[in-house]
Amino acid sequence: MTHTRGNPKFNFHRYMVRSLEDDFKTVVGISWYLWVFVVIFLLLNINGWHTYFWIAFIPLILLLAVGTKLEHVINQLAYEVAEKHVAIEGELVVQPSDNHFWFHRPGFVHLLIHFILFQNAFEIAFFFWIWVQYGFDSCIMGQIKYIVPRLIIGVFIQVLCSYSTLPLYAIVSQMGSTFKKSIFEEHVQAGLVGWAQKVKKKRGQKGSTEGSSEASSHVSAGGLLLGRLKGLKEANEGSAQSSSHEGSTLGNNASAPPVPREVEP
């Protein structure tokens, strides 16, 4: 009812599934800042620090904070509706807004979920890699009293975040100021993307054509100006030559002896 009030037959469940799939595709990706965290994660493996045990609490704390924030957004929306006392039929009583989220950005919560799942999955994968590569009793593996709680926390985070927090985010994130692109079907998304690319291409071609025509007009104007300057120069030179020629002719006539005239009787 928020984004498609003109289409009461809109399939909201299918829209939620598409939105969840889009969020999941982003979550399973790997970005550069995640590799930076991996490097820091490996450099902190110092004897006696039990870094791998303590660092397992980071995704747990973040997961609890994210889940609490999503529940708070739902409670805030319900509180705003309850403040109106009476919900008039046909009126939109729920007012979605980005102000309910951290930094007014719903995508920041998605970024935290991305980090939680990656860091937790990397810890579990790193544990099995050490086990296969060096054995369970190696010094890199650490003491068993630190291994078991870490594995339990990792499995708990992976299950809770995948089956509860991420789907909850897919629903609550619709309470932002704008809707997601997944509100359109896949073929409609592809058509819109293709249309946008064509428009961008046409604008680029139009800009280049205007630039070339403008450049050619500048060149022709410059050539015309040069032609006029050249014509003026030649005209000035011609007038100077003619004036000099007349001056020389007058000088010659002045130096010549006078012609005798016939005297009338």
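For reference, positions follow the sequence shown, starting with 1.
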Checklist entry - Does Tyr163 sit in a hydrophobic cluster with other residues, and if so which ones, taking ILVMFWY side chains as linked at heavy-atom separations under 4.5 Å, directly or through other members? => result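 Listed partners: Val155, Val159.
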
Next on the checklist: Which Ile, Leu, Val, Met, Phe, Trp or Tyr residues join Val132 in one cluster when any pair of side-chain heavy atoms under 4.5 Å counts as a link?
Outcome noted: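 Traced through the cluster, Val132 reaches no other member.
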
Indicate, with yes or no, if [Y] and [X] share a hydrophobic cluster defined by side-chain heavy-atom contacts under 4.5 Å among Ile, Leu, Val, Met, Phe, Trp and Tyr.
{"X": "Phe108", "Y": "Leu117", "answer": "yes"}
{"X": "Trp35", "Y": "Leu43", "answer": "no"}
{"X": "Val38", "Y": "Phe128", "answer": "yes"}
{"X": "Val39", "Y": "Leu34", "answer": "no"}

Just checking [X]: does its [atom1] atom have more than 12 heavy atoms from other residues, nucleotides or ligands closer to it than 6.0 angstrom?
{"X": "Phe57", "atom1": "CZ", "answer": "yes"}
{"X": "Leu42", "atom1": "CG", "answer": "yes"}
{"X": "Phe24", "atom1": "CZ", "answer": "no"}

Checklist entry - Passes side chain to side chain contact (heavy atoms under 4.5 Å, CB included), Leu111 versus Tyr33? Steps please. => result CA-CA 11 Å; Leu111 180 66; Tyr33 52 86; 2.9 Å; yes

Next on the checklist: Contact between Ile147 and Phe136 at the side-chain level, heavy atoms closer than 4.5 Å - yes or no?
Outcome noted: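 Result yes, sub-4.5 Å side-chain heavy-atom pair found.
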
Checklist entry - Is there a side-chain contact between Val109 and Ser173, using heavy atoms and a 4.5 Å cut-off? => result no

Checklist outcome for this item: So side chain to side chain donor-acceptor pair (under 3.5 Å) across residues 103-119, not counting sequence neighbours, yields Asn99-His104, Gln119-Glu123

For residues 58-72, dump all side-chain donor-acceptor pairs below 3.5 Å to protein atoms at least two apart in sequence or in another chain.
unit_1: Thr68; atom_1: OG1; unit_2: Leu64; atom_2: O; d: 2.6
unit_1: Lys69; atom_1: NZ; unit_2: His100; atom_2: O; d: 3.0

Checklist entry - Is there a donor-acceptor contact under 3.5 Å from the side chain of Tyr146 to the main chain of Trp54? => result no

Next on the checklist: Run the side chain to side chain contact (heavy atoms under 4.5 Å, CB included) test against Trp129 and tell me which residues pass, sequence neighbours left out.
Outcome noted: Phe126, Gln133, Tyr134

Checklist entry - Quick one: side chain to side chain contact (heavy atoms under 4.5 Å, CB included) partners of Asn75, sequence neighbours excluded? => result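 Once residues adjacent in sequence are excluded, Asn75 has no partner under the side chain to side chain contact (heavy atoms under 4.5 Å, CB included) criterion.
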
Checklist outcome for this item: Exactly one candidate in Leu168, Leu166, Thr26 meets side-chain contact (heavy atoms from CB on, under 4.5 Å) with Ile113; the answer is Leu166

Checklist entry - Out of curiosity, Phe41 CZ to Ile55 CD1, how far, rounded to the nearest 0.5 Å? => result 5.5 Å

Checklist entry - Looking at CZ of Arg18 and CE of Met16, how far apart are the two atoms once the value is rounded to the nearest 0.5 Å? => result 9.0 Å

Checklist entry - Any chance the rings of Phe115 and Phe37 have centres within less than 6.0 Å? => result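 Yes, close enough.
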
